[in-house]
Amino acid sequence: MKSKNPILRVLYDYGVIVLGCAIYAVSFNWFFQPNNISMGGFTGVAQIINRLVPVMPVGVTSILLNIPLFIIGVRKQGVKLLVASLSAMGVSSLMIDGLNMVYTFQPMEEPLLACIYGGVLVGVSMGLLMTVGATTGGSDLAARLLKYKLRHLSIGRLCLGIDVSVICLYAITFRSVNNALYGIIAMYISSLTMDMVIYGSINAKMAYIISGRSEEILKALLEMNLGITLLEGRGGFSGDKKQVVLCAFKRSQIAPIKAAVTTIDPGAFIIVCEAHEVLGEGFGEYSPDSL
């Protein structure tokens, strides 16, 4: 959890940025570059340019490509995005080129393993950066800006769409269908991992509790400081009126809730559902810049 102290919060944010950039650089140099797997985004475009013009390093080329996108991003999200994302882009680009100068990774015998592990690491790195309001530019920043128009799509899905387009261009340019297909697999895994990192921490669960002793259950759950809503229901077979207890809670609270309900009424129906996102007291807050 972030500290309320502004100095510690800034240190935390930039610590996460450095960690995310390091993971990103390792994944690129270890799994993508030596196996000729397109990474998608502007890094993938930089790969294409680097192949055509070897004197242009991937990291430096990526920075140059990102400049127009950052100008648009600052207009949308202000200077904070510029500072955090420029830091992330600069650090990740320097780490990519620096690591490549220090150590050269050899191609893996099984490209599918490179796709899986590379995709997971890239997803983790991108998710970490976005949780502190930063990106490395390219598809990440483009997806963040598209999110304003396409609110119904997750950030991972938007990144996937952009990355697949770049990978297809990679395949057409170099006529390397297999490597492009491997790249699509890696980016799909990356999108799932990214969504897990970004949204996983705010996922919650929701329970419908149907019991003839709803008042006692209500009191027990209120003592656990949970928000409760009572719904009017009627039994489909008996026709009896019933109160349905609706409760949203964090994942760690599921066991105490089930224990409390079954202690009061062992025959209670408890229907537990996934709640992708919960906004309100005790959970998240809505922001126009939220992912």
Side-chain angles (χ1 to χ4, degrees), residues 17-18 20-71 73 85-123 125-126 129 134-143 159-191:
I17 288 174
V18 171
C21 290
I23 296 173
Y24 184 86
V26 169
S27 64
F28 177 81
N29 283 296
W30 189 358
F31 298 112
F32 288 89
Q33 183 78 337
N35 294 284
N36 294 319
I37 298 174
S38 177
M39 202 169 191
F42 279 12
T43 304
V45 176
Q47 280 182 287
I48 297 173
I49 295 174
N50 176 256
R51 183 71 66 87
L52 296 173
V53 187
V55 295
M56 292 292 293
V58 172
V60 174
T61 304
S62 179
I63 291 176
L64 295 175
L65 292 172
N66 273 291
I67 291 174
L69 204 57
F70 272 105
I71 294 173
S85 296
L86 276 178
S87 300
M89 184 182 66
V91 172
S92 63
S93 298
L94 291 173
M95 282 185 171
I96 286 174
D97 292 340
L99 183 58
N100 188 52
M101 292 172 61
V102 173
Y103 185 82
T104 301
F105 290 93
Q106 299 302 313
M108 299 184 69
E109 294 183 3
E110 181 50 67
L112 187 58
L113 290 178
C115 290
I116 295 172
Y117 288 104
V120 169
L121 287 180
V122 168
S125 65
M126 294 297 96
L129 291 174
T135 74
T136 57
S139 59
D140 316 317
L141 180 54
C159 282
L160 178 62
I162 298 169
D163 289 335
V164 168
S165 300
V166 173
I167 292 171
C168 290
L169 178 62
Y170 182 96
I172 293 171
T173 303
F174 299 108
R175 299 179 182 178
S176 178
V177 176
N178 285 345
N179 286 342
L181 293 176
Y182 281 131
I184 291 173
I185 294 172
M187 290 302 100
Y188 178 70
I189 294 172
S190 172
S191 71

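Numbering of residues begins at 1 and proceeds along the displayed sequence.
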For the residue pair [X] and [Y], what are the closest heavy atoms and their distance?
| X | Y | value |
| --- | --- | --- |
| P57 | N50 | CA-ND2, 4.1 Å |
| A88 | A134 | CB-CB, 4.3 Å |
| A114 | N35 | CB-ND2, 3.7 Å |
| A180 | A171 | CB-CB, 3.3 Å |
| L113 | M108 | CB-CE, 3.9 Å |
| G119 | I189 | C-CG2, 4.0 Å |

Return the [atom1] to [atom2] distance between [X] and [Y], rounded to the nearest 0.5 Å.
| X | Y | atom1 | atom2 | value |
| --- | --- | --- | --- | --- |
| I167 | L160 | CD1 | CG | 8.0 Å |
| C168 | I184 | SG | CD1 | 5.0 Å |
| I37 | I185 | CD1 | CD1 | 9.0 Å |
| S191 | M126 | OG | CE | 13.0 Å |
| L112 | L181 | CG | CG | 11.5 Å |

Result block: side-chain N/O donor-acceptor pairs under 3.5 angstrom for residues 24-34, not counting sequence neighbours:
residue : atom : partner : partner atom : Å
Y24     : OH   : T43     : OG1          : 2.6
S27     : OG   : I23     : O            : 3.2
S27     : OG   : Y24     : O            : 2.7
N29     : ND2  : A25     : O            : 3.0
N29     : ND2  : I96     : O            : 3.2
Q33     : OE1  : Q47     : NE2          : 3.3

> For atom OH of Y188, is the number of surrounding heavy atoms from other residues, nucleotides or ligands below 6.0 Å larger than 12?
Replying inline: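 Result for OH/Y188: open.
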
> Does L94 have any side chain to side chain contact (heavy atoms under 4.5 Å, CB included) partners at least two apart in sequence or in another chain, and if so, which?
Replying inline: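 Residues passing side chain to side chain contact (heavy atoms under 4.5 Å, CB included) with L94: none at all.
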
> Under the side chain to side chain contact (heavy atoms under 4.5 Å, CB included) test, which residues partner V53, sequence neighbours left out?
Replying inline: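 Listed in chain order: V55, M56.
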
> Under the side chain to side chain donor-acceptor pair (under 3.5 Å) rule, what pairs show up with a residue in residues 97-112, not counting sequence neighbours?
Replying inline: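 Listed once each, the pairs would be none.
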
